[in-house]
*Asks:* 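Let me give you the structure first, and then I'll get to my questions.
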Amino acid sequence: MNENQVGWKERISYGLSDTACNLVFQVIGTYLMFFYTDVFGLSIAAVGTLFLVARIIDALDAPLFGVLIDRTNTRWGKSRPYFLWLAVPFGVMATLTFFTPDLSYQGKLIYAYITYISVGIIYSGINIPVTSILPSLSSNPQERTVLGTVRSIGGQLGAIIVTVATLPIVSVLGGGDDQKGFFWTMLIFSAFGVIMLFITFKNTKERVIIPGKKVTPFKEGIKAIKGNLPWFIMIFLNFIYWMGQTIKNQTTVYYFANNIGNAKLVPIMMSFNFITLFSLILTPMFSNRIGKRNTMILGLVIGVIGQIFIGIGGKMVNIPLIMTGTIIGTFGTGFILGLISVMLADSVDYGEWKSKVRAAGLLTSASSFGAKFGMGIGGALTAAILSAGGYIANQKQTASALQAIEFNFIWLPIICSGLAIIALLFHKFDKQEKQIIKELNERRRLMEKKEGLEIA
């Protein structure tokens with residue numbers, strides 16, 4: 001069993017996979033609702049329904065990709081080939097999502113359904129392998145934490161570029177025409193994303209392979225889920241955390257444009273995302289000292305404190321206080337993002353240890369199911385609350401609409417973080433990790449030895 005550290009070329013190449021994903025999907029997650037309502041001309045209720053339907057479909061396609069990955073057997077590995085196969089379709093469909101054809105209202109709605117659902121499905125086919133490949137890159141727990149951290153740093157760099165540069169680029173390339181501006185902006189981001197995914201494919205290697213196992217049947221893979229409490233907790237955490245983040249992200253433009261009265265603050269506030277890089281860099285050290293679970297809880301608590309500062313600053317329309325809260329919350333985010341994929345990889349090991357079945361594709365895809373279902377519920381809930389509050393695009397908003405925006409942006413993320421903290425209190429893998437890894441490595445050595453004797 002090769003437990004050597006992964007070289008920096010491969011680490012960075014792996015990190016670029018998340019940079020590519022965020023260059024594209026961060027634009028969708030942050031700006032698509034605004035694009036659909038205020039640029040494309042769809043109603044907020046129709047957009048909310050679209051987001052819910054799309055995420056339900058995504059929730060169904062995620063396990064299918066997981067099963068497909070477990071049944072994939074190529075000279076490149078199980079997860080890695082999907083970066084090659086789906087990179088270009090992902091870039092093309094993402095660009096078309098922000099294209100505005102001259103159609104009737106119903107035509108636009110149908111076009112939105114086709115493009116948004118399609119890009120979501122293809123995104124699953126790329127993002128699930130980004131997660132499922134991690135347990136195969138190394139069996140060393142600390143090395144996985146480093147890889148997960150590098151991945152998250154890469155993802156955050158993509159997110160920072162998107163949040164800081166999107167609206168300015170839209171303005172420059174559109175010349176006052178947001179339809180044109182969003183299209184060309186997404187085309188540029190997508191092109192860079194495709195190149196990065198090709199680099200990830202070229203420079204990564206799946207080296208943790210179960211001797212004698214080529215394909216894991218679905219029925220056998222299910223055994224890795226039975227009694228796998230760490231996995232169930234991570235499914236719930238992915239659901240509730242990304243629901244809160246989606247609600248906040250999709251309300252950002254609305255909040256600063258209407259509640260604060262200055263939409264130009266959006267790129268400035270989002271530029272503080274670079275603070276996440278500091279906590280991401282510190283994540284391996286913190287997780288080594290206080291454990292991965294406690295590090296993630298720390299990040300969630302810091303995030304709640306930041307939200308409270310933003311809420312108080314928003315009531316007072318105190319920009320420095322809002323900035324302070326944003327910086328605090330963003331710092332906490334790094335501890336969460338740096339460990340989600342790592343703790344999910346741990347659940348793959350736990351499932352193998354408990355059931356003797358390794359089903360990385362199925363287990364990690366189910367986590368994507370949780371995250372995407374959370375995003376879908378978050379998007380639908382955002383739209384429903386805005387609609388109930390009486391939000392009308394491009395109009396002066398009523399007091400109830402402003403309250404709805406504030407509730408989405410400030411308080412729902414706090415509630416979601418609180419529920420995530422409660423779930424993590426039941427996560428005990430850190431205490432068992434050394435023994436589990438030791439037993440798994442011994443089991444694999446015996447299997448390799450047995451396989452060698454059978455061949456001889």
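Fair warning: this is a prediction, and the values are worked out from it, not measured in the lab.
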*Asks:* Kindly give the heavy-atom pair with the smallest separation between T145 and P284, and that separation in Å.
*Replies:* CG2-CA, 3.8 Å

*Asks:* More than 12 heavy atoms of other residues, nucleotides or ligands under 6.0 Å from CD1 of I327: is that the case?
*Replies:* yes

*Asks:* Just by distance, do the side chain of T163 and the backbone of I160 share a donor-acceptor pair under 3.5 Å?
*Replies:* yes

*Asks:* Residues in side chain to side chain donor-acceptor pair (under 3.5 Å) with S190, at least two apart?
*Replies:* T95

*Asks:* Say you draw a straight line from CD1 of I69 to CG of L64; how long is it, rounded to the nearest 0.5 Å?
*Replies:* 11.0 Å

*Asks:* Would you say the side-chain atoms of N318 pair up with the backbone N or O of L321, donor to acceptor, closer than 3.5 Å?
*Replies:* yes

*Asks:* Not counting sequence neighbours, list each pair that qualifies as a salt bridge (charged side-chain N to carboxylate O under 4.0 Å, His left out) and has a residue in residues 403-414.
*Replies:* K315-E406

*Asks:* Quick one: CZ on F274 to CD on Q156, what's the gap to the nearest 0.5 Å?
*Replies:* 12.0 Å

*Asks:* Under the rule for salt bridge (Lys or Arg N to Asp or Glu O under 4.0 Å), what residues qualify as partners of K9, not counting sequence neighbours?
*Replies:* none

*Asks:* Output a table of donor-acceptor pairs, distance under 3.5 Å, between side-chain atoms of residues 39-48 and any protein atom two or more places apart or on a different chain; print 'none' if there are none.
*Replies:*
from, atom 1, to, atom 2, distance (Å)
S43, OG, A46, N, 3.1
S43, OG, Y105, OH, 3.4

*Asks:* Would you say the side-chain atoms of S79 and S132 include a donor-acceptor pair closer than 3.5 Å?
*Replies:* yes

*Asks:* For a 4.5 angstrom cut-off between non-hydrogen side-chain atoms, does I153 reach I281?
*Replies:* yes

*Asks:* Check the pair I415 / L412 against side-chain contact (heavy atoms from CB on, under 4.5 Å), numbers first and verdict last.
*Replies:* CA-CA 5 Å; I415 294 170; L412 274 179; 4.2 Å; yes

*Asks:* Taking E206 for its side chain and K78 for its backbone only, find out whether a donor-acceptor pair lies under 3.5 Å.
*Replies:* yes

*Asks:* What pairs of residues pass the salt bridge (charged side-chain N to carboxylate O under 4.0 Å, His left out) test when at least one of them lies in residues 10-24, not counting sequence neighbours?
*Replies:* E10-R207, R11-E143, D18-R151

*Asks:* Give a yes or no on whether W76 atom CH2 has more than 12 heavy-atom contacts from other residues, nucleotides or ligands under 6.0 Å away.
*Replies:* yes

*Asks:* With the side chain counted from C-beta on, respond yes when I322 and F256 share a heavy-atom pair under 4.5 Å apart, and no when they do not.
*Replies:* yes

*Asks:* When rounded to the nearest 0.5 angstrom, what distance separates NE2 in H427 from CD1 in I297?
*Replies:* 10.0 Å

*Asks:* According to side chain to side chain donor-acceptor pair (under 3.5 Å), who are the partners of N259, at least two apart in sequence or on a separate chain?
*Replies:* none

*Asks:* Are the side chain of S271 and the backbone of I268 linked by a donor-acceptor contact shorter than 3.5 Å?
*Replies:* yes

*Asks:* Keeping to residues at least two apart or across chains, list the salt bridge (charged side-chain N to carboxylate O under 4.0 Å, His left out) pairs with something in residues 241-252.
*Replies:* none

*Asks:* How far apart are the C-alpha atoms of Y254 and T37, what are their side-chain angles, what is the distance that settles it, and do they pass the side chain to side chain donor-acceptor pair (under 3.5 Å) test?
*Replies:* CA-CA 11 Å; Y254 298 101; T37 59; 3.1 Å; yes

*Asks:* Look at the side chain of S152 and the backbone N and O of L337, then say whether any donor-acceptor pair between them is shorter than 3.5 Å.
*Replies:* yes

*Asks:* Can you see whether F201 has R80 sitting over its ring - NZ or CZ less than 6.0 Å from the centre and within 45° of the normal?
*Replies:* yes

*Asks:* Can you find a heavy atom in the side chain of T30 that is under 4.5 Å from one in the side chain of T166?
*Replies:* no

*Asks:* If you take all heavy atoms of V304 and S417, which pair is closest and at what distance?
*Replies:* CG2-CB, 3.6 Å

*Asks:* Only counting residues at least two apart or in another chain, list the ones meeting ring-ring contact (aromatic ring centres under 6.0 Å, His included) with F98.
*Replies:* F35, F182

*Asks:* With distance as the sole test, does Q307 use its side chain to make a donor-acceptor pair with the main-chain N or O of I414 at under 3.5 Å?
*Replies:* no

*Asks:* Once side-chain hydrogen bond (donor to acceptor under 3.5 Å, both in side chains) is applied, what residue pairs with a partner in residues 330-339 remain, sequence neighbours excluded?
*Replies:* none

*Asks:* Is any side-chain heavy atom of P129 less than 4.5 Å from a side-chain heavy atom of F83?
*Replies:* yes

*Asks:* Using 0.5 Å steps for rounding, measure from the CD1 atom of I126 to the CD1 atom of I121.
*Replies:* 13.0 Å

*Asks:* Considering non-hydrogen atoms only, spot the tightest contact between Y14 and V130 and give its length.
*Replies:* OH-O, 2.7 Å

*Asks:* Indicate whether any N or O donor in one side chain lies under 3.5 Å from an N or O acceptor in the other, for S124 and D61.
*Replies:* yes

*Asks:* Indicate the atoms forming the closest heavy-atom contact of I122 with M93, along with that distance.
*Replies:* CD1-CB, 4.1 Å

*Asks:* Can you list the residues that meet the ring-ring contact (aromatic ring centres under 6.0 Å, His included) rule with F335, with sequence neighbours excluded?
*Replies:* F286, F331

*Asks:* Strictly distance-based, threshold 3.5 Å: is any side-chain N or O of T72 a donor or acceptor partner for the main-chain N or O of L68?
*Replies:* yes

*Asks:* Donor-acceptor pair, distance only, cut-off 3.5 Å: does the side chain of D430 make one with the backbone of K292?
*Replies:* yes

*Asks:* State, to 0.1 Å, how close V162 and N22 come at their nearest heavy-atom pair, and which atoms those are.
*Replies:* CG2-O, 3.5 Å

*Asks:* Would you say F192 has more than 12 foreign heavy atoms packed within less than 6.0 Å of its CZ?
*Replies:* no

*Asks:* Sequence neighbours excluded, which residues qualify as side chain to side chain donor-acceptor pair (under 3.5 Å) partners of T398?
*Replies:* S400

*Asks:* Output yes when a side-chain donor or acceptor of Q26 lies under 3.5 Å from a complementary backbone atom of V24, and no otherwise.
*Replies:* no

*Asks:* Anything under 30° is parallel, anything over 60° is perpendicular, the rest tilted; go ahead and classify F236 against F239.
*Replies:* tilted

*Asks:* For the residue pair Y36 and F51, categorise the inter-ring angle as parallel (less than 30°), tilted (30 to 60°) or perpendicular (more than 60°).
*Replies:* tilted

*Asks:* What distance separates L147 CG from L134 CG, expressed to the nearest 0.5 Å?
*Replies:* 6.0 Å

*Asks:* In sequence, state the C-alpha distance, the side-chain angles, and the governing distance for I319 and I260, and then conclude on side-chain contact (heavy atoms from CB on, under 4.5 Å).
*Replies:* CA-CA 9 Å; I319 305 305; I260 305 302; 3.7 Å; yes

*Asks:* Can you find a heavy atom in the side chain of F198 that is under 4.5 Å from one in the side chain of I195?
*Replies:* no

*Asks:* Distance from T131 atom OG1 to I340 atom CD1, nearest 0.5 Å?
*Replies:* 9.5 Å

*Asks:* Would the distance check show the side chain of S387 and the main-chain N or O of A383 forming a donor-acceptor pair, the cut-off being under 3.5 Å?
*Replies:* no

*Asks:* Counting only heavy atoms not in Y123, do more than 12 fall under 6.0 Å of its OH?
*Replies:* yes

*Asks:* When you compare the side chain of T295 with that of L282, does any pair of heavy atoms fall below 4.5 Å?
*Replies:* no

*Asks:* Is the shortest heavy-atom distance from the side chain of L344 to the side chain of W231 under 4.5 Å?
*Replies:* yes

*Asks:* Let me see the working for L157 and L277 under side-chain contact (heavy atoms from CB on, under 4.5 Å), right down to the final yes or no.
*Replies:* CA-CA 8 Å; L157 287 174; L277 299 178; 3.9 Å; yes

*Asks:* Quick one: list whatever passes salt bridge (Lys or Arg N to Asp or Glu O under 4.0 Å) with R144, sequence neighbours left out.
*Replies:* D349

*Asks:* Would you indicate whether the side-chain heavy atoms of F429 and I233 approach each other to under 4.5 Å?
*Replies:* no

*Asks:* Looking only at non-hydrogen atoms, find the nearest pair between I336 and M296 and report the distance.
*Replies:* O-CE, 3.6 Å

